[in-house]
Chemist: 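Take this structure, written in structure tokens, and hold onto it; I'll ask about it next.
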Amino acid sequence: MSAARRLSGVYVLELAGRDDAFAAHEARSRASDVTVVGAGLATARGIDGVTDLAFTHRASDLVGTSEPDIESARALLSAAAIDREGSVAVRAVDVRTTTGVDTQRAERALGQVLVDRGFTVDLDDPDHELRALFAGPPGAGSVADDANEGDPSPDDSAPRPDESDPISDESAGDADAADDGAADAAREGLCALGWLAAESDRGFAARAPTDRPFFQPGSMDPMLARALVNIAGARPGATVVDPMCGTGGLLIEAGLVGARVVGCDAQRKMVRGTRLNLQDALGADGEFSVARADARRSPLREGSADAVVFDAPYGRQSKIEAGTLADLVGDALAEIRRIAPRAVLVADRSWADAAREAGWTVERVFERRVHRSLVRHIHVLS
């Protein structure tokens with residue numbers, strides 16, 4: 001299930017990380033009507049390219065939702081129409097240990113329902129995998145935290161409280177009608193049953209910044225970088241610009257999802273290093289250009305890109321050749337407004353006022369703690 005493909009219908013997404021609002025925002029780059037319905041879970045429609053998402057593990061064709069207990073899940077499956085043939089396996093998950101459900105017992109109970117309906121069980125190589133996702137309610141003590149986030153799985157046993165968008169749910173029988181019972185269940189937690197349809201490609205650990213040909217301390221984690229370029233609009237055929245490219249981490253992730261990438265930096269060593277890193281990550285088929293340039297005076301023509309994404313210098317680490325950090329960021333925001341209609345800016349403080357002064361609309365700002373003295377502010381601009 002590694003190939004990207006478009007999925008239609010209603011799906012349940014298993015979200016990664018600790019911040020469901022951020023994960024759902026990234027998922028909206030590949031799906032419509034994304035709504036968080038439980039801790040670590042969201043529903044969505046019309047998904048295109050789950051494999052490219054960083055903070056979504058899996059998408060499953062939604063059978064329906066119930067209260068978060070085994071008997072309710074069993075009743076839901078017993079009543080559901082199943083238009084499938086072949087062998088099956090059931091995988092039950094107590095998402096972030098928020099419900100206390102005995103997952104082995106749940107697998108046996110739901111597996112028996114399927115056996116009674118004529119299916120054979122194959123735990124090693126099933127034709128179809130039923131995901132039984134038991135989750136607590138959304139908004140239960142969210143932690144927006146990059147520290148030690150890595151690439152956690154919903155199967156991990158450590159509790160990870162989350163934040164969510166407003167609660168809603170859909171009826172599996174009528175995708176256009178709200179299911180009030182499911183929405184009520186979501187407020188107390190829920191069980192979502194779904195047939196596994198797609199999984200994301202989890203290769204982030206293999207792309208550690210320290211393993212690149214050119215490395216500098218403070219390089220962004222590839223998982224977060226992938227989410228940021230997705231939110232900005234990276235996809236096949238798009239052109240993505242990073243005017244302060246540093247070592248090229250954001251450009252690498254944009255290139256890996258098929259975008260043409262353009263990087264600029266004021267320092268020669270960063271230009272050389274980014275070029276080496278892009279050649280190493282994207283190979284001979286990668287479409288990229290890197291040049292030495294001041295972010296305040298870009299050589300790119302007006303409207304030449306689909307999106308801009310950049311990690312601005314952080315106060316204590318930044319060396320500004322002329323003027324102040326505020327001058328640099330403010331002027332860069334004004335300049336990239338000329339180049340592209342969308343942008344994502346990452347910084348160690350809020351630049352929302354400066355973005356508005358440069359003519360941007362601030363769609364959303366996320367705050368993600370890196371460690372005690374650093375919080376990343378992620379500005380989504382249009």
Side-chain angles (χ1 to χ4, degrees), residues 1-5 7-16 37-44 47 50-51 56-136 151-158 169-173 175 179 181-182 185-186 189-202:
M1 296 186 189
S2 60
R5 59 193 176 102
L7 308 175
S8 59
V10 180
Y11 291 82
V12 58
L13 308 181
E14 297 175 53
L15 305 177
V37 294
L41 298 181
T43 55
I47 304 170
V50 171
T51 56
T56 296
H57 282 285
R58 302 173 187 86
S60 298
D61 189 358
L62 184 64
V63 174
T65 59
S66 72
E67 294 183 1
D69 61 80
I70 295 173
E71 184 55 35
S72 296
R74 194 189 69 78
L76 171 63
L77 184 60
S78 297
I82 303 177
D83 186 18
R84 294 170 185 265
E85 296 179 350
S87 60
V88 297
V90 179
R91 311 295 187 200
V93 180
D94 179 9
V95 181
R96 300 167 186 166
T97 63
T98 51
T99 68
V101 166
D102 184 335
T103 55
Q104 291 186 347
R105 181 168 164 259
E107 290 174 354
R108 290 193 297 269
L110 296 174
Q112 188 60 53
V113 171
L114 294 174
V115 169
D116 292 345
R117 296 184 65 168
F119 289 93
T120 59
V121 174
D122 183 344
L123 299 181
D124 296 323
D125 187 24
D127 295 315
H128 309 286
E129 179 178 318
L130 181 70
R131 305 285 296 176
L133 308 169
F134 297 87
D151 186 13
S153 165
D155 300 319
D156 289 350
S157 59
D169 205 343
E170 305 289 342
S171 168
D179 184 344
L190 80 165
C191 173
L193 298 183
W195 295 103
L196 181 63
E199 298 181 274
S200 61
D201 185 5
R202 319 305 294 174

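Along the sequence shown, residues are numbered consecutively beginning with 1. Source: prediction; values computed, not measured.
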Chemist: Would you find a donor on one side and an acceptor on the other, under 3.5 Å apart, between the side chain of S72 and the backbone of D69?
Modeler: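 Between the backbone of D69 and the side chain of S72 there is no qualifying donor-acceptor contact (under 3.5 Å).
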Chemist: Indicate the atoms forming the closest heavy-atom contact of R96 with A39, along with that distance.
Modeler: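 For R96 and A39, the tightest heavy-atom pair comes out as NH1-C, 4.0 Å.
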Chemist: Take E129 and V88 through the side chain to side chain contact (heavy atoms under 4.5 Å, CB included) test and state the conclusion after the steps.
Modeler: CA-CA 6 Å; E129 179 178 318; V88 297; over 6 Å; no
Chemist: Output, in order, the C-alpha distance, side-chain angles, deciding distance and verdict of side chain to side chain contact (heavy atoms under 4.5 Å, CB included) for I70 and V101.
Modeler: CA-CA 8 Å; I70 295 173; V101 166; 4.0 Å; yes
Chemist: Under the 3.5 angstrom rule, does the side chain of D94 hit a backbone N or O of T99 as a donor-acceptor pair?
Modeler: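 Judged by distance alone, yes, a pair lies under 3.5 Å.
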Chemist: Once salt bridge (Lys or Arg N to Asp or Glu O under 4.0 Å) is applied, what residue pairs with a partner in residues 72-85 remain, sequence neighbours excluded?
Modeler: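 As it turns out, the salt bridge (Lys or Arg N to Asp or Glu O under 4.0 Å) pairs with a partner in residues 72-85, which skip direct neighbours, are D61-R84, E71-R74.
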Chemist: Apply side chain to side chain contact (heavy atoms under 4.5 Å, CB included) to residues L130 and L114 and explain how you reach the verdict.
Modeler: CA-CA 10 Å; L130 181 70; L114 294 174; 4.3 Å; yes
Chemist: What residues form a side-chain contact (heavy atoms from CB on, under 4.5 Å) with Q104, not counting sequence neighbours?
Modeler: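 Applying side-chain contact (heavy atoms from CB on, under 4.5 Å) to Q104 gives D102, R108.
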Chemist: Name the orientation class of the two ring planes belonging to H128 and W195 (parallel below 30°, tilted from 30 to 60°, perpendicular beyond 60°).
Modeler: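 H128 vs W195 ring planes: perpendicular.
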Chemist: After noting the C-alpha distance and the side-chain angles of R58 and L196, does the key distance pass the side chain to side chain contact (heavy atoms under 4.5 Å, CB included) rule?
Modeler: CA-CA 7 Å; R58 302 173 187 86; L196 181 63; 3.9 Å; yes
Chemist: With sequence neighbours excluded, tell me which residues meet side-chain contact (heavy atoms from CB on, under 4.5 Å) with L76.
Modeler: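 Checked L76 against side-chain contact (heavy atoms from CB on, under 4.5 Å); matches are S66, L193.
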Chemist: Holding to side-chain hydrogen bond (donor to acceptor under 3.5 Å, both in side chains), I want the full list of residues that pass it with S60, two or more places apart in sequence or in another chain.
Modeler: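 Result, side-chain hydrogen bond (donor to acceptor under 3.5 Å, both in side chains) vs S60: none returned.
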Chemist: Quick one: list whatever passes side-chain contact (heavy atoms from CB on, under 4.5 Å) with S87, sequence neighbours left out.
Modeler: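 Applying side-chain contact (heavy atoms from CB on, under 4.5 Å) to S87 gives T120, D122, P126, D127.
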Chemist: To check you understand the geometry: which heavy-atom pair defines the closest contact between L62 and A192, and what is its length?
Modeler: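 Answer, listing the atom of L62 first, then A192: CD1-CB, 4.3 Å.
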Chemist: For E107, which residues count as a side-chain hydrogen bond (donor to acceptor under 3.5 Å, both in side chains) partner, sequence neighbours excluded?
Modeler: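 Per chain and number, E107 pairs via side-chain hydrogen bond (donor to acceptor under 3.5 Å, both in side chains) with no residue.
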Chemist: Is it true that, when you exclude R117 itself, more than 12 heavy atoms of the residues, nucleotides or ligands shown sit nearer than 6.0 Å to its CZ?
Modeler: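 Atom CZ in R117 is packed in, count exceeds 12.
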